[in-house]
Structure formats: C-alpha cells, structure tokens
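Keep in mind that what you see is a predicted model, and the values were worked out from it rather than measured.
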Amino acid sequence: MIAVVGAGRMGSVHMRALGETRLARLAAVVEPLVKPRERAARLYGVPPFAALDELFASGLAEGVVITAPTDLHLGLVGDCVRAGVPVFCEKPCGLSADQAGQAAAVASAAGLPLQVGYYRRFLPELVALRQRIAAGRLGELSLVVLNQWDEHPPSAEFERRSGGIVVDMGVHEIDQLRWLTGQEVEQVAALTPAPGDQSSAVISLRLSGGTLGAITLGRRFPHPDSCWMEVVGTAGYERLPFVWAEQGEKVVLAGIATELDAFAATVRGAPMAGPGGADAVAALEVAEQIDRCLR
C-alpha cells in the first residue's frame, strides 16, 4: 500500500498510474492544501491527510511516493526515512546535487530504499534500444540527440520552485543519456535565447566514451508534451519519438506504473530495480554544470 505526498499535477499522474499497477495500490494522499486534498480523496476513494505525521500515525502506508514541489523533496525524504518508510521521490530529488546527496545518505544510513522517478528507464522502447546499443548493433556511438518539449509553459509559481528548465526538465535527458550509453558526461556547453530566459535551451555534451550528446528543451510546442531522440552509430541510425503528441500521455502513464510496481517490489524485499540516490546526484551534477554555462 503506497501513499502519495502531493496532490498537484504530478501527484495526480502518480495516483492515476497506481490504478494501472500490478503490485502497488494507492493507500492515501497527503496534501496540505484543502481543495486538492479533498478532490484527490473523492476521485480515488482514499483517506486524505494534511501532514505526513497523520499518515504515519494511521499505519496505512508501506511506502511513500513524493510528488510535492522540488524544494520540499529533501525534507520530505528525511521525514519518511525517520519514520522507517521506504521512499520513491519524483525527480530530481532536490534542487541541487548536494540536496540529492543528503537524501541518499539519510536513506542509506537507515537501510531504506530511495528510488528516484526517472520513468524513461522503464519504457519498453527505450529498454530495447539500450539492449541494442549494449549488443553493438549500432556500432560505436557517435551522437545521441534528446529532445523534450512541453506544449505549455508552467505557472510562475511552479517555475520559481522547480530550479529552472535544466533541473526540472533536463535531468530526464541527462539520466537517459547516462543510462542508454553507459558513459558519464565530461564536458558541457549550453545556450538559452537570452540570459535569464528559461523558455528553451540547447545543450552540447561530450561523454566519457567519446560519444557526443545534444539536448534540446522547450516550454512551448505545437503538440502535447513530447520527447523524441536520435542515435547515430558507426553501424546504424535510429530515430524514436517515444513520447509523442496525443499518445504521449499514455506512454508516460504506463512507464510510471511500471516504475511504481518496481518500487512496490522493493518495498516487499526485492532488490531495487530503479534508479537511486546516486543517479539523482549524477544528473544534478551535470545540470549544475549546464546552469553555470547559462549564467
């Protein structure tokens, strides 16, 4: 039984996804704001709580999924760990690599799992691509291009608390790049339309195995939120629009349901199959390098 902390946009996605899982079940929702808390309780038929302490006192949750704003991630992970509850934290698990490292250290010291929400590692299309790359089907990788463009910009309040376009959006591409290639990022360069403009970004990266990477991010796109990629190797080329237009929402929901099932299995004692605190730290370290280029 899994409780979701945060009944905003991502909290709603996770609560919907929990209706598609095999192992995980939604047990409760925790949300300090009355209207979204009551709405979630009504839609999903679960007990609502205003604070984590109330949830822990109820004994309903075997694990907690944190979907609250990014600036609250570290504190909420600590609260859950101190209560002895396994944690799934939506990416990026803090506003900085230091915060993610603190969260990872707290969970590790308590012997509790901390899974981080990089759902793309659970998309069958990308899992299959990773296997082809590892098997050498594309030869030596020359270039990996990753694109993520949202249909509409977020609210000013969300943007203020999210850490900016690279920490909020780009960490997905950074994690995907590391996971697909098995290489680490060694050098970055980046541009936005103007200093301080977070509407879009173009990022160039050089990886430890000699592969070049390119990431584009945008806050306004003619289609619903979309992600697509290209891989160029010495023996092959692939283009994958893996989250695309009207079908993209279903793909994301299925990926999140799969990662939540993996978390539920971990709660029950299985080895953790998803990305953890070290992956959150690695992605945020690269994001911080990119942000330094943008100042």
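Counting non-hydrogen atoms of other residues, nucleotides and ligands closer than 6.0 Å to CD of E238 gives a total above 12. Dense packing is recorded around CZ of R25, with more than 12 heavy atoms of other residues, nucleotides or ligands lying under 6.0 Å away. E249 CD: 12 or fewer foreign heavy atoms inside a 6.0 Å radius. Within 6.0 Å of CZ on R9 lie no more than 12 heavy atoms contributed by other residues, nucleotides or ligands.
Checked by atom type and distance alone, the side chain of R130 pairs as donor or acceptor with a backbone atom of W179 at under 3.5 Å. A donor-acceptor contact shorter than 3.5 Å links the side chain of T211 to the backbone of L141. A donor-acceptor distance shorter than 3.5 angstrom exists from the side chain of T258 to the backbone of A254, with no hydrogens or angles considered. Although no hydrogens or angles enter the test, the distance criterion places a donor-acceptor pair under 3.5 Å between the side chain of D197 and the main chain of S199. Between the side chain of Q115 and the backbone N or O of E259, at least one donor-acceptor pair lies under 3.5 Å.
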Show every donor-acceptor pair shorter than 3.5 Å between a side-chain atom in residues 40-61 and any protein atom, with sequence neighbours excluded, or say none if there are none.
residue, atom, partner, partner atom, Å
E54, OE1, A50, N, 3.2
S58, OG, L55, O, 2.5
S58, OG, L60, N, 3.2

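There is a path of hydrophobic side-chain contacts, each under 4.5 Å, that joins V13 to V251. Under a hydrophobic clustering in which Ile, Leu, Val, Met, Phe, Trp and Tyr are joined whenever their side-chain heavy atoms come within less than 4.5 Å, directly or via other members, V231 and Y237 fall into different clusters.
Atom CG of L18 is separated from atom CG of L23 by 11.5 Å, given to the nearest 0.5 angstrom. Residue D98 holds its CG atom at 8.0 Å from CD of E288, rounded to the nearest 0.5 Å.
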Could you walk me through whether E90 and T67 pass side-chain hydrogen bond (donor to acceptor under 3.5 Å, both in side chains), step by step?
-> CA-CA 6 Å; E90 249 307 331; T67 60; over 6 Å; no
List the steps and the verdict of side chain to side chain contact (heavy atoms under 4.5 Å, CB included) for H172 and Y119.
-> CA-CA 9 Å; H172 265 308; Y119 77 91; 3.7 Å; yes
Begin from the C-alpha positions of Q198 and E159 and carry the test side-chain hydrogen bond (donor to acceptor under 3.5 Å, both in side chains) through to its verdict.
-> CA-CA 9 Å; Q198 293 283 305; E159 193 163 358; over 6 Å; no
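Of the listed residues (V267, V64, I2), just one forms a side chain to side chain contact (heavy atoms under 4.5 Å, CB included) with P86, and that residue is V267.
No hydrogens or angles considered: a donor-acceptor pair under 3.5 Å links the side chains of Q148 and E173. Side-chain atoms of H223 and E246 include no donor-acceptor pair closer than 3.5 Å.
R268 and E62 are not joined by a salt bridge, as no carboxylate oxygen comes within less than 4.0 angstrom of a charged side-chain nitrogen. The pair D168-R161 fails the salt-bridge criterion, with no side-chain N (NZ, NE, NH1 or NH2) lying under 4.0 Å from an Asp/Glu carboxylate O. A salt bridge links D279 to R178: at least one charged side-chain nitrogen sits closer than 4.0 Å to a carboxylate oxygen.
A distance below 6.0 Å separates the ring centres of F221 and W228.
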